[in-house]
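Before any comments, here is the structure.
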Amino acid sequence: MSLVVVGSMAFDAIETPFGKSDKIIGGAGTYIAWCASNYTPVKQISVVGGDFPQAELDALTARNVDLEGVQIKKDGKTFFWSGRYHMDMNTRDTLETQLNVLGDFEPVVPESYQDAEFLMLGNLAPSVQRSVIEQLKTRPKLIVMDTMNFWMEIAMDDLKQTISMVDLLMVNDSEARELTGEYSLVKAAAAILKMGPKYLIIKKGEHGALLFHGSKVFCAPALPLEEVFDPTGAGDTFAGGFIGHLAKTKNISFENMKTAIIVGSAMASFCVEKFGTERLREITKADIDERLAEFVQLANFNIELG
Ligand code: AMP
């Protein structure tokens, strides 16, 4: 049941039409760990600077997140990202990316992580993601990869090489278009499935997510929320719920992936309700179950074909 997660651990500064945050804790790996640890223990790989609060690391340890693979560069600064959302909250501009300790990060996979059955490659330099795959002596049952437009712009060849090595890629709709040059998501999906992965998830923000596998497609809704406070980390939280469910159930069938997408969508719907990781820290099992029941209602219908 072991899950290894790789991803940035960061400071973020976020502006939305509803407010502005100071430097808060963020990072793809952080969101994935907070979310996936609801389902299964996590073995984390990342890097932070000496400025990253020890209390944050302790909070993750208390959630059963193993931090042996997280390097602490005492004299370095933690990765910093800032972004501004537009009124529709589906589009955002990156205002600043300071790679800091992430710039020359060389991950080292601890011996105790070697038995990993599931590998979640959260958003990071594709060469770093690839290095983790290459260090694992036995190939995990499932390798899932997330990425973002930033890497398409500065490291496309590297990115395509890593994509060719994974089982499932998850990107958002604009990233799928940027990666393939195809506007139609169906054509973009076909092009991405030719790059190597057997499965593809295209996230469409408030419009849900699509899962592609061969000629099969599954469509999961997003919960219509009255208020989206801060979408940062929604994609990573989705990833954490998706892989967390698969790792917990140890079943990587297409049918179980459909359930995993709903779990990911339900967890992402919590993430956006408050700034940063705040909401993910406070939700309980009862909250999650209630939200999953809402999803069942949302997408369930009967039709008589005659
Ligand atoms: P999401 O909203 O799911 O796309 O993820 C947002 C998180 O990704 C933020 O917490 C950022 O710290 C992190 N992030 C943004 N840009 C990068 C990057 N180039 N590499 C790694 N992590 C990033």
Side-chain angles (χ1 to χ4, degrees), residues 5-16 21-36 44-49 52 56 77-86 89-105 107 120-129 132 144-156 158-159 162 169-176 178 201-206 209 222 228-243 264-265 267-280:
V5 170
V6 190
S8 54
M9 294 176 74
F11 287 121
D12 290 346
I14 301 154
E15 289 177 34
T16 78
S21 78
D22 291 330
K23 251 179 153 186
I24 55 172
I25 296 296
T30 311
Y31 282 100
I32 297 169
W34 272 102
C35 178
Q44 187 87 341
I45 296 179
S46 191
V47 63
V48 295
F52 199 79
E56 288 297 328
K77 279 172 73 182
T78 298
F79 171 77
F80 172 75
W81 174 81
S82 73
R84 181 189 293 137
Y85 290 87
H86 298 255
M89 292 293 235
N90 273 332
T91 45
R92 76 175 172 210
D93 297 324
T94 289
L95 301 177
E96 209 179 331
T97 300
Q98 291 176 18
L99 289 176
N100 299 331
V101 290
L102 212 55
D104 53 7
F105 176 41
M120 178 69 229
L121 301 170
N123 187 16
L124 263 185
S127 56
V128 172
Q129 294 174 317
V132 173
V144 176
M145 172 184 180
D146 187 14
T147 188
M148 78 185 292
N149 51 354
F150 181 81
W151 303 112
M152 294 175 195
E153 280 139 36
I154 66 164
M156 190 58 124
D158 240 353
L159 181 65
T162 307
L169 178 72
M170 46 174 77
V171 283
N172 66 31
D173 42 5
S174 65
E175 290 158 354
E178 189 168 340
I201 292 176
I202 299 184
K203 299 168 286 180
K204 301 195 298 158
E206 63 174 329
V228 170
F229 203 70
D230 169 22
T232 309
D236 312 311
T237 305
F238 173 90
F242 178 80
I243 197 89
S265 304
M267 296 306 287
S269 75
F270 285 117
C271 176
V272 304
E273 288 177 342
K274 289 193 175 171
F275 262 124
T277 53
E278 197 180 335
R279 189 75 179 114
L280 292 181

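In this text, all values refer to a predicted model and were calculated from it rather than measured experimentally. Atoms within each ligand, like the ligands themselves, are counted from 1 in listed order.
- If you number the atoms of ligand 1 from 1 as listed, the ones under 4.0 Å from a heavy atom of A10 come out as 12 (O).
- Considering backbone and side-chain atoms alike, G233 places an N or O below 3.5 Å from some N or O of ligand 1.
- Close approach of ligand 1 to G26 is summarised as follows: ligand atoms under 4.0 Å from at least one heavy atom of the residue are 10 (O).
- By the criterion of a heavy-atom distance under 4.0 Å, neither the backbone nor the side chain of E96 is placed next to ligand 1.
- When each atom of ligand 1 is checked for a heavy atom of G27 under 4.0 Å away, the hits are 9 (C), 10 (O), 12 (O).
- For Y85 (side chain) and T232 (main-chain N/O), a donor-acceptor pair under 3.5 Å exists by modelled atom type.
- At least one heavy atom of Y31 sits under 4.0 Å from some atom of ligand 1.
- Among all protein heavy atoms, the one lying closest to atom 9 (C) of ligand 1 is D12 OD2, 3.1 Å.
- For atom 4 (O) of ligand 1, the nearest non-hydrogen atom of the protein is R92 NH2, 2.9 Å.
- A donor-acceptor pair under 3.5 Å is formed between the side chain of Q44 and the backbone N or O of G29.
- Note: M170 CE to N123 CG = 12.0 Å, rounded to the nearest 0.5 Å.
- A donor-acceptor pair under 3.5 Å is formed between the side chain of Q129 and the backbone N or O of G122.
- Here D236 contributes atom CG and L280 contributes atom CG; the two are 10.0 Å apart, rounded to the nearest 0.5 Å.
- Counting only non-hydrogen atoms, the option in W81, F150, W151 that gets closest to atom 20 (N) of ligand 1 is W151.
- In this structure, atom 22 (N) of ligand 1 lies nearest to the protein heavy atom S8 OG, 2.8 Å.
- Counting the atoms of ligand 1 from 1 in the order shown, those under 4.0 Å from a heavy atom of G235 are 3 (O).
- Summary of contacts: the protein heavy atom closest to atom 16 (N) of ligand 1 is M148 SD, 3.3 Å.
- The OG atom of S46 sits 5.5 Å away from atom CZ of F105, with the distance rounded to the nearest 0.5 Å.
- At a heavy-atom distance under 4.0 Å, atoms from both the backbone and the side chain of D236 approach ligand 1.
- Of the possible donor and acceptor atoms, one in the side chain of N100 sits under 3.5 Å from a partner among the backbone N and O of T78.
- For D146, the salt bridge (Lys or Arg N to Asp or Glu O under 4.0 Å) criterion is met by K203, not counting sequence neighbours.
- Remark: the backbone N or O of M267 is not paired with any side-chain donor or acceptor of T237 at under 3.5 angstrom.
- At least one heavy atom of F79 sits less than 4.0 Å from an atom of ligand 1.
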